[in-house]
Amino acid sequence: MPVKKRRIAAPAAKVWAVLADFPAIATWAPNVDHSTATTEAHEGIGAVRRVQSGRITLLETVVDWQPPRLLSYSLDGLPPIAGSVVTTWTLDEVDGITKVTVTTTITSRPNPISRFVGRALSRQLGRAAKQMIGGLAARVEEAAK
């Protein structure tokens, strides 16, 4: 389960405003080439976005939405052998600084091949989370100037 953390020099409400624009991840995540909403709802549980990163296309569906503190979404489009994947963004503000934590939970199927694929996927998604959290920080901190 990869976990990435970063402090962002902005209040949680400002960080949340960027995260809550769910279909617009391509505007701040350097590893996302294109993103668009695939449902009428662009926020809240059930909102879905299509994300293109290189040759990988994912559908991400919001499964938990607690403004301005928590956003979780499932990822569909990965090899089925990998099992299920959920990414959770948690925001904790202290004195105008927001600690952002990105946790990716991979639930592998109970066989050796799935566990092997899950470990490889965990490393790849950990790198992706690091890029996303860096892009979020740059976007929010630039807007705060």
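Bear in mind the structure is a predicted one, so any value in this text is a computation, not a measurement.
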Calculate, to the nearest 0.5 Å, the distance between atoms [atom1] and [atom2] belonging to [X] and [Y] respectively.
X	Y	atom1	atom2	value
Glu60	Thr87	CD	OG1	7.0 Å
Arg7	Asp92	CZ	CG	9.5 Å
Thr101	Lys4	OG1	NZ	12.0 Å
Asp21	Glu43	CG	CD	9.0 Å
Arg139	Ile25	CZ	CD1	11.5 Å
Thr36	His42	OG1	NE2	7.0 Å

- Query: Is Ile97 reachable from Leu19 through a run of I, L, V, M, F, W or Y residues, each pair having side-chain heavy atoms under 4.5 Å apart?
  - Reply: no

- Task: Is it possible for you to say whether Val63 and Tyr73 belong to one hydrophobic cluster, with membership spreading through side-chain heavy-atom contacts below 4.5 Å?
- Result: no

- Among Val86, Thr88, Leu70, which one satisfies side-chain contact (heavy atoms from CB on, under 4.5 Å) with Asp64? Leu70

Sequence neighbours excluded and cut-off under 3.5 Å, please list the side-chain donor-acceptor pairs for residues 125-134, or say none.
{"from": "Gln131", "atom 1": "OE1", "to": "Asn31", "atom 2": "ND2", "distance (Å)": "3.4"}

- Message: Please determine whether side-chain contact (heavy atoms from CB on, under 4.5 Å) holds for the pair Trp89 and Leu136, giving the CA-CA distance in whole Å, both sets of side-chain angles, and the decisive distance to 0.1 Å.
- Response: CA-CA 11 Å; Trp89 294 76; Leu136 176 65; 3.6 Å; yes

- Message: If we count only N and O atoms by modelled type, under 3.5 Å, do the side chains of Thr57 and Gln52 hold a donor and an acceptor together?
- Response: yes

- Partners meeting side chain to side chain contact (heavy atoms under 4.5 Å, CB included) with Leu59 (sequence neighbours left out): Thr38, Val48, Arg50, Asp76

- Query: Can the ring centres of Trp16 and Trp65 be said to be less than 6.0 Å apart?
  - Reply: yes

